[in-house]
Structure formats: structure tokens, C-alpha cells
S.K.: 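Starting off with a structure, shown below.
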Amino acid sequence: MYSRNAESFTPLQRFSSMHIRYLVVASASLLAIAACSQSQPREAEAGPVRVAGTAYTVRDSTVQGEFAADGVAEPLRQATLSTRLMGTILSVMVKEGDAVSAGQPLVRIDARDLSARQAQVAASIADAQAMQTEAATQAHRMQALYADSAATRAQLDAAVTGLARANAGVNSARASAAEISAMSAYSVVRAPFAGIVTNRFVDPGAFAAPGAPLITVQDGTQLRISASATPDIAAKIRRGQMLTATIEGVQSIARVEGVVPSTSGNMYTINAIVANPRGSILPGSTATLSLPQGPHTALLVPARAVSQSGDLTGVTVRAPGGDEVRWVRLGRTTGNMVEVNSGLHAGEQIVVPPASPASPASPASSPSASGGR
């Protein structure tokens, strides 16, 4: 048999042979370690994850129900001004957004024809007064003559009748003067109350016609919210009652002005007045009236226990297997408590995180969805 000893191998062949033996030994060692690790028992799993905070047990609570009726906060006083004259507009003294006071001139209209008529009426008054003086003198003379039997009864009656006609002529001339004066007042359009100019419909040089809109003035110091409600809810509302109004996310107090039937369907309209002395609420803002609806059972949790992730709201539920975030649907907020409409059950525990020094009642200080597990 032909054989070759180790000395007959080249250095490269000797290196390959040693490398193969090393791989075989290493593979055997790994298999042995794997077999040993499988035979050893698993380490004990880590305990449940707990979030720092106070456990709060959710219970059923009796709360006063409220119905959120949507509406719009409109100004209580708003006027679109016009004139009874026909004429050219000489000047417009305000612009949109200007604040005006009551009685301030806004638009001036050419009324030269009224000035001519006023001169005519003044002459008519003077003529009527002269005729009145003459008729009064004649009547006194006839009374004296009649007393001396120097004038007949018919002559006296004619003199008295002439005086009456002269008095009527003076009154008619004065009435015409008052009419012309009233018409002349329309040549200057004035603000009926203090407010803001919201619309300017004309410019100098335009032609004003009777009833055509010129300027709109709006008083935003008081706003009226009109919201619709069903008859059972409207029956609980009384004039003068105070309601909570939410206008663009800001809560205010509204006083009920009245409850009237709506023009559409079996509904009622609730009108409520909100004071806005500083003008912080813009007219036309969306508003909601909280109308009492009677007591009902609800789940209340501290507002600080609520966390938010985008449009989702959740609470951290304490369970035997560990704390975890559960998404819930919230309802009305009352003070520092918020109503949970779905996602929780009575008897469950949630975690109320410690108050943050920066925002002690802010829901944002609650654990996030990723940190609750």
C-alpha cells in the first residue's frame, strides 16, 4: 500500500488540515454549550411594569346631564343704514373697521334742492303770519263794533272765520317747514349707536336712493346666541336663567333671553345673551349652549389622568399583568374631573400621575401611549 508521511506534505496542505481540525473542534464545543443551555431552566421573567402615580378606582357617579346645543354668537345690535333722499353722495367719513360713537356723521348726501324748499317754506310762514296778524286785528275790530251794534252778526262771524283760516295757514306752513327739516336730516347719515363699521357700500360720487344700503354698524358689546333644542329640553329653560356658553373654546355666562318655537320641525330656539364689554369675542364665532338635561350615571376620572396622543385620548389602566394605556372616549369636563363615555368600567383602577410643577392639572403630564407599557 502506498502511503505518505507528514513530512511529505507541503506547508499549505499542513495549514488546511489544521484549519479543518479546528473547525470540527469548535463546532463540537458549540453543540455542547447549546445542549447545556437547553438543559438549564429559564431565568424568571421580569415582574409587571408599573407607572409612577396614585391608583384611582373608577366608580359610577350621578351627574347632571347637559345637552350641547350649537349656535352662532351674533351681535345683539346691528343696523344697515340708508336714507330717504335721492341725491349724490358728497362724502363717506368712515371706513370698514372704524369705531364710531352714537350720533357720529357717517355719510353726507347732496341736499341743495331741500335748501331751496326750506327758503320757500320760510317765505310761506312769513306770509301766513302776516295774514294771521291782519285777521286777528279784523276780528278784534268786529267784536268791538258788534258790541256797539255797529256791525252785524254776519260781519263778526266772517272776521272770526278769517282769523281761523289765518291760524290754519300758519300751522300748515310750519308743518311743511318741519317736514323739510326732517328730510334735511337724512342728508347726513349718523350712527344710531356706538359700534364698529362692518360694511361700507358706497363711495363719494355714487347716487343714493331711498332704502339703498349705505353703511352697516355693529355693536359687539352684547352677543346673542341662538341654539335649537327639542321640546323636552326647552321645557326646562326659563327666561333669565343663567347657562354656560362656550364660544371658540372659551367659557362664558349667558342669560336666557327667551324660548320661542323654531320655524323648522318640532324644535325650539333658545336665545341667550352674553356680555362682551371688551370685545374679546368676535361676532359670528361658533358657540355652544350647555342646556340642563337631568341627572344620569357616568364614570368620572381626574383630568390629570388623561393622556393624549394626536387625536386619541387614553388613561393608564392598572392591571395584574402591568400598567397599560387604554384609549377612551371622553365627555364633559367639570372642574378637575372629566366624564368617560366609553373604554372604562366601574371598579377598574387607573393611574393618576404626580402633579407637574409647571402644569399641575394638565393632561399632557400623564404617561404617553409608549410609556404606559
Side-chain angles (χ1 to χ4, degrees), residues 74-139 159-224 257 273 276-277 279 282-284:
E74 296 288 355
L76 184 63
R77 294 195 299 177
Q78 178 173 287
T80 298
L81 308 178
S82 60
T83 183
R84 296 177 62 182
L85 298 180
M86 295 182 63
T88 303
I89 294 176
L90 299 178
S91 61
V92 180
M93 292 163 276
V94 291
K95 297 180 179 179
E96 293 179 350
D98 288 350
V100 297
S101 57
Q104 178 178 335
L106 307 179
V107 179
R108 192 176 300 277
I109 301 172
D110 185 8
R112 286 175 294 181
D113 57 338
L114 290 179
S115 299
R117 291 178 60 185
Q118 281 180 332
Q120 292 177 354
V121 170
S124 298
I125 292 176
D127 183 59
Q129 288 175 340
M131 294 178 63
Q132 182 186 42
T133 302
E134 181 182 358
T137 302
Q138 183 68 16
V160 171
T161 302
L163 177 60
R165 288 178 177 176
N167 291 336
V170 171
N171 293 335
S172 176
R174 288 175 178 173
S176 298
E179 181 182 4
I180 296 300
S181 178
M183 292 295 293
S184 298
Y186 287 100
S187 64
V188 179
V189 179
R190 301 178 182 272
F193 46 77
I196 303 295
V197 176
T198 58
N199 281 298
R200 168 176 161 166
F201 298 98
V202 292
D203 293 306
F207 187 79
L214 303 176
I215 296 287
T216 299
V217 179
Q218 188 180 90
D219 178 15
T221 57
Q222 285 188 311
L223 303 177
R224 175 188 286 117
E257 182 185 26
I273 305 301
N276 186 33
L282 297 179

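Computed over heavy atoms, backbone and side chain alike; hydrogens, waters and symmetry mates excluded. Just so it is clear, the structure is predicted and the values come from calculations on it, not from any experiment.
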S.K.: When rounded to the nearest 0.5 angstrom, what is the spacing between CG in N167 and CD in Q129?
M.R.: 11.0 Å
S.K.: Can you give the donor-acceptor pairs under 3.5 Å from side chains of residues 84-101 to other protein atoms, not counting sequence neighbours?
M.R.:
from: E96; atom 1: OE2; to: R200; atom 2: N; distance (Å): 3.1
from: D98; atom 1: OD2; to: K95; atom 2: N; distance (Å): 2.8

S.K.: Listed by chain and number, what are the side-chain contact (heavy atoms from CB on, under 4.5 Å) partners of Q222, not counting sequence neighbours?
M.R.: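 With sequence neighbours excluded, Q222 shows a side-chain contact (heavy atoms from CB on, under 4.5 Å) to L76, I273, given in chain and number order.
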S.K.: Determine which pairs satisfy salt bridge (charged side-chain N to carboxylate O under 4.0 Å, His left out) with at least one residue from residues 180-189, sequence neighbours left out, and list them in order.
M.R.: none
S.K.: Which heavy-atom pair separates A173 from I125 by the least distance, and what is that distance?
M.R.: CB-CG1, 3.4 Å
S.K.: Taking side-chain contact (heavy atoms from CB on, under 4.5 Å) as the test, write out the residues that go with A79, two or more places apart.
M.R.: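 So A79 forms a side-chain contact (heavy atoms from CB on, under 4.5 Å) with L81, P192, F193.
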S.K.: To the closest 0.5 Å, what do you measure between CE (M183) and OG1 (T83)?
M.R.: 7.5 Å
S.K.: Using residues 211-221 as the side-chain source, report each donor-acceptor pair under 3.5 Å to any protein atom, sequence neighbours left out, with the distance given to one decimal.
M.R.:
from: T216; atom 1: OG1; to: T80; atom 2: OG1; distance (Å): 3.1
from: Q218; atom 1: NE2; to: Q78; atom 2: OE1; distance (Å): 2.5
from: D219; atom 1: OD1; to: T221; atom 2: N; distance (Å): 3.2
from: D219; atom 1: OD1; to: T221; atom 2: OG1; distance (Å): 2.8
from: D219; atom 1: OD2; to: R77; atom 2: NE; distance (Å): 3.2
from: D219; atom 1: OD2; to: R77; atom 2: NH2; distance (Å): 2.9
from: D219; atom 1: OD2; to: T221; atom 2: OG1; distance (Å): 3.3

S.K.: Check P283 against L223 and note the closest heavy-atom contact, atom names and distance.
M.R.: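 Distance-wise, the nearest heavy atoms are CG-CD2, 4.1 Å.
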S.K.: Could you check whether any side-chain N or O of D110 sits under 3.5 Å from a backbone N or O of R112, counting only pairs where one atom can act as donor and the other as acceptor?
M.R.: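 Checking the backbone N and O of R112 against the side chain of D110, a donor-acceptor pair under 3.5 Å is found.
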S.K.: Please find the pair of heavy atoms, one from A128 and one from V170, that lie closest to each other, and give the distance.
M.R.: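 It is O-CG2, 3.2 Å.
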S.K.: Under the side-chain hydrogen bond (donor to acceptor under 3.5 Å, both in side chains) definition, can you give me all pairs with a residue in residues 171-199, not counting sequence neighbours?
M.R.: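 Residue pairs with at least one partner in residues 171-199: Q118-S184.
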